[in-house]
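First comes the structure, then the notes that go with it.
Chain letters run A, B, ... following the sequence lines, proteins first, then strands; residues in each count from 1.
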Amino acid sequence: MKYNFNEIEAKWQKYWAENGTFHAENNTDKPKYYVLDMFPYPSGAGLHVGHPLGYIASDIYARYKRHQGFNVLHPQGYDSFGLPAEQYAIQTGQHPAITTKTNIKRYREQLDKIGFSFDWSREVRTSNPEYYKWTQWIFIELFNSWYNVETDKAEHIDTLIAKFEVDGNANVKAVCDDDVAMFAAAEWNNYSSKEQQEILLKYRLTYLAETEVNWCPALGTVLANDEIVNGVSERGGHPVVRKKMTQWSMRISAYAQRLLDGLNEIDWPQPLKDSQTNWIGRSQGAMVTFKVDGHDANIDVFTTRPDTIYGVSFMTLAPEHDLVAKITTAAQKEAVESYVEATAKRSERERMADVKTISGVFTGAHAIHPFTGEKIPIWIGDYVLASYGTGAVMAVPCGDQRDYDFAKHFGLDIPNIFENVDISEEAYSEKEGVKIANSDFLNGLTYKKAMKTVIYEMEKRGFGKGKINYRLRDAVFSRQRYWGEPFPVYYVDGMPQMIDVQHLPITLPEVEKYLPTETGEPPLGNAEVWAWDTNTNTIVSNELVTSSAVEKQDNGIYPLELNTMPGWAGSSWYFFRYMEKALRDEHFASKEALDYWQNVDLYIGGSEHATGHLLYARFWTKFLHDRGFVNVDEPFKKLINQGMILGTSAFVHKFIISYNIDLKITVETNDNSKIHSTKKYKNGKYYKKEIYVSSDRLEDLLDSKGQVLEKKFLLNEIDRENLFKTIEKEHFNIIRKEIDFLSDIEIVEITERAIPIHADVSLVNSSDELDIEGFKNWRAEFKDAEFICEDDGTFKVSREVEKMSKSKYNVVNPDEICETYGADSLRLYEMFLGPLEQAKPWNTAGITGVFGFLKKLWKLYVADEGPKVTETEPTKDNLKTLHKTIKKVQEDIENFSFNTSVSTFMICVNELTDQKCTSRAILEPLTILVSPYAPHIAEELWSRLGNEGSIATVKFPVFEARHLVESSKEYPVSFNGKMRFKKELPLDLSKEEIEKIILEDERTQAQLNGRTPKRVIVVPGKIINIVG
RNA sequence: GCUCGAGUGGCGGAAUUGGUAGACGCGCUGGAUUCAAAAUCCAGUUCUUUCGGGAGUGUGGGUUCGAUUCCCACCUCGAGUACCA
């Protein structure tokens, strides 16, 4: 019987679905193991072979853990809110919910074909009200929380109010806005409710504030910092500008230190930890206050080098700094204003692209150096960022290259405060290896000592203090989009109010259009039924809202929030939702479920989420932990980044030869004399011939960019000759017909070039040969294409590795692979390509290797006539092969080295085939070993061996070392470290015995050629090395 | 610029604490089978060679009996980040 993979795979996929084989238990004595894949966004394009890589790896691990006796949770779901569905809705009017549903259906079909062991009974979709009810709930809890620095965790806002009522805010240590005013308990108690709410907003973990945001006009929404790449939007690459807007923000900055510390507790790839560390950007230094001369104003600066304070010779403010307008002198007013205006006009991208140009303007004002009392000029310059620190720097040109360049450019002082350091060429920015000079009480001190001393001194004198600054900004949480979670928020008198939890979910309203309103409000502004009735606690028509200010009456009906939540809202807690299966309406997950499953043991996904999803998910987990809703502090214990699968693009080379011609015309006059003339035929017109040339004929003629090398002919002599014959036939004959008296045609100005064109990879076979007919029929423009082939008549394409994408015609669809080779082949091949973490190119040609392996595996169990497994005792060799394989495969899975275990299986099957093994004692355990990788064939063979039920939870074979014990070893014998020959020797020989035997060997004598060895190194069981 | 990661046959890659470099697979070459093709099977396949051997893991040095593996310097490619005071 043949290996009929299509039949087998369909059969077992059906079996698994019908029997709920992979449903995880919530009540069991088994140890738990939670394997999770990063949340997929169901895009319209469907999956290509690159997408399932991580899913296959996690599936192998999940299946392996089941064989090891674990209760495995391996769920899957969809991050189904998001921009593409909405963009599509804007273009077509199709409701995003419908496209999303269609896309999910397609995803599911594709995933099912690959044979994953997902527990679909726990599926999650972020756009389902049943799910986002709890996203809204978390938002409300964040609103009702503040960050207590003393306890170093989030607490309910009530504990803060209690402190205010008793003590005011003077002694409250909280993470809050910079601009909170001090008040006493009595004042607090006398504030109006609105005043109290305004103050509390400055403390809440999610708060409404006017912030400078990244506004993307093309997308009509704001973007978070991690959604911008190189100054343009990550999706679509549209320009982004700075704009002030009232927005919901998340006080993630409160968690900066804990997010940093937590990295030490988790098993994540170092580059990913590094990028989070960078993003959080902790820097230790001091906050120093400079007085402005002649004004009642201070400039606070943050510096990491307070030890260099005596080197300050000027200050620079960001052009956007609040003080700029106030302190600028009349004489400088015009220059400053035009500079500020010019900077504001420049987009963020321009500013970033142009790092080299130094620009700035003197304000005319001076600051007072806090130690020396000297007057130092205050400048503005766009190298100072408004959004970092205080938007102002104390410039120390001798110690900072940017300050140095600025000073040089504008001719400002560069005092040297380093002992024996030359700063005539550049600043000295090293911290170590130098002593401070010209700095009064800091003279002679090293960096470390000077830091301590100067901070102590500043704190004593009251104009500075030690401070840790973070680059991490609070995260903007509002999006001006339709397809996202609505906020459970309505507004009374401009103040946000939370809707009571019992009335959730607040479901997304229907709208006519998915675009912003004419007045520039977000798409929800188009909804007609989008107001909150506090009497009935229902959503009612907007018309019922009365403006209390105008009509002086309050009917209890208020407008709802028009923004929606960002994409990362739903994905920041979904891993907890999978734990709960039954009572999803009552809680986001039950206490029992949370206690049992804890957190994700293994998380596999791409590194592109380093500073987005993976940071936000950690933030929300820490918050939920602080408030006692979950009992873990980190969501993902171990994380692996799978590498990208790249496409192997195929190129055909279009060779274009173009030329002008001169015509020699002979006119016979009446008197039979002849006039010869030469003229350019149809001025400006030239002839062009396009032809496709097989890539082997182009070799060495193209440079690295695919351009034809100068002055070189692209084609060999014969090809050239043939080509011109064709040209003559096609072009010249036409000309000859048109013009009488033509005596000759001369070709002038020949240009040749070759253009590589992507050909669809499905038109190319494993030997890089193009299916010419297929190519002609592929697109209309190739219908009449002509080809110069190889001598054997084939046409070869050239190959290049690129990102897999539609536009490069190198996308490979997993469905087709499953159809032709089966899901088991796909799974094995994805793993076989190379290490999980590395980027690697896909080339469908190679899949025949693993496909052949599966057929060979099948033949070990099933002969043409029927089953061939016997009850015969296994031989020693059989057992050795099996146990070698058990050992290696187990080690490989535990090290996530899946590519090497596929090789191991191949070796195992090759050996057993050679040994003609038919023994059940060997072949039965082998099915279990293979089952995590190729589950369908494993199930089929397992059942053909007469077993009942699924192989999924059968115990993994146990490795027994005794089967690998050897009595002899084939020693490699090296001379000066180079292996020259091998010799089989018993393993129980002593070093001396080995040395004696080996020196007597005639091959040793031949190698030594009469010399006496200086030394003989014998490592028993390993190697023999003879030196001399 | 800075921070990470990686350089091994024609290609994907293997080599577990320093111990036989190139496992396994693709491709290629030759052969068997076949009317023919596909499929299958067998042999070979790092380079070089006067067929004894010699060289060889990005380059140059070092440590060692022995280095793809450890150390130093450099080159190339990839990823992330970018005026962070």
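For A:Arg799, the side-chain contact (heavy atoms from CB on, under 4.5 Å) partners at least two apart in sequence or on another chain are A:Thr648, A:Ala650, A:Val761, A:Val764, A:Asp768, A:Val797, A:Asn843. Taking the salt bridge (Lys or Arg N to Asp or Glu O under 4.0 Å) definition, one finds that A:Lys884 meets it with A:Glu911, sequence neighbours left out. In this structure, the salt bridge (Lys or Arg N to Asp or Glu O under 4.0 Å) partners of A:Lys888, at least two apart in sequence or on a different chain, are A:Asp892. Residues meeting the salt bridge (Lys or Arg N to Asp or Glu O under 4.0 Å) test with A:Lys887, sequence neighbours left out: A:Glu891. With sequence neighbours left out, the ring-ring contact (aromatic ring centres under 6.0 Å, His included) criterion links A:Phe410 to A:Trp379, A:Phe406. The salt bridge (Lys or Arg N to Asp or Glu O under 4.0 Å) check on A:Arg473 picks up nothing, with sequence neighbours excluded.
The partner of B:rU40 is B:rA32, judged by Watson-Crick or G-U wobble contacts that both fall below 3.5 Å.
As rounded to whole Å, 7 Å separates atom C1' of B:rU3 from atom CG of A:Asp274. Following rounding to the nearest Å, A:Glu800 (CD) and B:rG78 (P) show an atom-to-atom distance of 12 Å. Straight-line distance from the CD1 atom of A:Ile280 to the P atom of B:rU81: 15 Å, rounded to whole Å. Atom CG of A:Asn765 and atom P of B:rA37 are 16 Å apart (whole Å). Here B:rC83 presents its P atom at 15 Å from CG of A:Asp403, a figure rounded to the nearest Å. Taking atom CG of A:Asn278 as the reference point, atom P of B:rC2 lies 14 Å away to the nearest angstrom. Atom CG in A:Leu272 sits roughly 13 Å away from atom P in B:rG5 (whole-Å rounding). Between the C1' atom of B:rC84 and the OH atom of A:Tyr470 lies a distance of 15 Å, rounded to the nearest Å.
Regarding the sugar-base torsion, B:rG27 falls in the anti class, its angle being beyond 90° of 0.
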Would A:Leu926 and A:Tyr861 satisfy side-chain contact (heavy atoms from CB on, under 4.5 Å), going step by step from the backbone distance to the final call?
-> CA-CA 11 Å; A:Leu926 180 60; A:Tyr861 298 78; 3.6 Å; yes
Could you please spell out the steps behind the side chain to side chain donor-acceptor pair (under 3.5 Å) verdict for A:Thr881 and A:Gln915?
-> CA-CA 10 Å; A:Thr881 298; A:Gln915 294 163 13; 3.0 Å; yes
When you look at A:Lys983 and A:Ile994, which way does the side-chain contact (heavy atoms from CB on, under 4.5 Å) test go after all the steps?
-> CA-CA 10 Å; A:Lys983 191 173 177 72; A:Ile994 294 173; over 6 Å; no
Evaluate the side chain to side chain donor-acceptor pair (under 3.5 Å) criterion for residues A:Thr844 and A:Trp842: first the C-alpha distance (whole Å), next the side-chain angles of each, then the deciding distance (0.1 Å), finally the verdict.
-> CA-CA 6 Å; A:Thr844 306; A:Trp842 176 275; 2.8 Å; yes
Please walk me through it: do A:Asn910 and A:Lys856 pass side chain to side chain donor-acceptor pair (under 3.5 Å)?
-> CA-CA 8 Å; A:Asn910 288 346; A:Lys856 208 165 170 183; 2.7 Å; yes
For A:Tyr388 and A:Ser283, run side chain to side chain donor-acceptor pair (under 3.5 Å): C-alpha distance rounded to whole Å, both residues' side-chain angles, the deciding distance at 0.1 Å, then the answer.
-> CA-CA 12 Å; A:Tyr388 184 75; A:Ser283 48; 3.1 Å; yes
Dump the intermediate steps for side-chain contact (heavy atoms from CB on, under 4.5 Å) on A:Leu964 and A:Phe959, then the final yes or no.
-> CA-CA 10 Å; A:Leu964 300 193; A:Phe959 166 66; 3.7 Å; yes
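At the heavy-atom level, A:Asn910 lies under 4.0 Å from the strands shown only through sugar-phosphate atoms. Backbone-only engagement by A:Thr304 is indicated by non-hydrogen atom pairs under 4.0 Å involving sugar-phosphate atoms exclusively.
The neighbour count for A:Lys273 NZ, taken as heavy atoms of other residues, nucleotides or ligands under 6.0 Å away, is above 12. The environment of NZ in A:Lys868 is crowded: more than 12 heavy-atom neighbours from other residues, nucleotides or ligands sit within 6.0 Å. Dense packing is recorded around CG of A:Asp914, with more than 12 heavy atoms of other residues, nucleotides or ligands lying under 6.0 Å away. A 6.0 Å sphere centred on CE of A:Met644 holds no more than 12 heavy atoms belonging to other residues, nucleotides or ligands.
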Please tabulate the protein-to-nucleotide N/O contacts below 3.5 Å involving nucleotides 27-34 of chain B, giving atom names and distances.
from, atom 1, to, atom 2, distance (Å)
B:rC28, OP1, A:Ser767, OG, 2.5

Can you name the atoms? Protein N/O to nucleotides 51-54 of chain B N/O, anything below 3.5 Å, with the distance.
from, atom 1, to, atom 2, distance (Å)
B:rG54, OP2, A:Arg980, NH1, 3.2

Detail all sub-3.5 Å separations between protein N/O atoms and N/O atoms belonging to nucleotides 44-50 of chain B.
none

Identify each atom pair where a protein N or O and an N or O of nucleotides 62-67 of chain B are less than 3.5 Å apart, giving names and distance.
from, atom 1, to, atom 2, distance (Å)
B:rC65, OP1, A:Arg1015, NH1, 3.2
B:rC65, O2', A:Asn1025, ND2, 3.2
B:rC65, O2, A:Asn1025, ND2, 2.7

Restricting both atoms to N or O, compile the protein contacts to nucleotides 7-17 of chain B shorter than 3.5 Å, with distance only.
from, atom 1, to, atom 2, distance (Å)
B:rG12, O2', A:Leu833, O, 2.4
B:rA14, OP1, A:Asn899, ND2, 3.0
B:rU16, N3, A:Glu891, OE1, 3.4
B:rU17, O4, A:Lys1022, NZ, 3.4

Dump every N/O contact between nucleotides 38-40 of chain B and the protein below 3.5 Å, one line per pair.
from, atom 1, to, atom 2, distance (Å)
B:rU40, OP1, A:Lys855, NZ, 3.3

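Donor-acceptor pairing under 3.5 Å is lacking for the side chains of A:Thr900 and A:Ser903. Checked by atom type, the side-chain pair A:Ser649/A:Glu802 shows a donor-acceptor distance below 3.5 Å.
To the nearest whole angstrom, the two P atoms, one in B:rC11 and one in B:rG62, are 30 Å apart. For the P atoms, the distance linking B:rG25 with B:rC41 amounts to 11 Å, nearest Å. A gap of 12 Å separates the C1' atoms of B:rG18 and B:rU63, to the nearest Å. Distance check on atom C1': B:rU57 versus B:rA37 gives 42 Å, rounded to whole Å. B:rU3 and B:rU49 have their P atoms separated by 46 Å, with the value rounded to a whole Å. B:rU64 and B:rC71 are spaced 12 Å apart, taking the C1' atom of each and rounding to whole Å.
Counting heavy atoms from C-beta on, the side chains of A:Met315 and A:Val301 come closer than 4.5 Å.
Both A:Val1019 and A:Arg473 lie near RNA chain B, and the one whose nearest nucleotide falls closer to the 5' end is A:Val1019. Comparing A:Gly391 and A:Ile907 by the nucleotide of RNA chain B that holds the closest heavy atom to each, the one mapping nearer the 5' end is A:Ile907.
Set against B:rC83, B:rA82, B:rC24, the side chain of A:Met906 has B:rC24 as its closest nucleotide.
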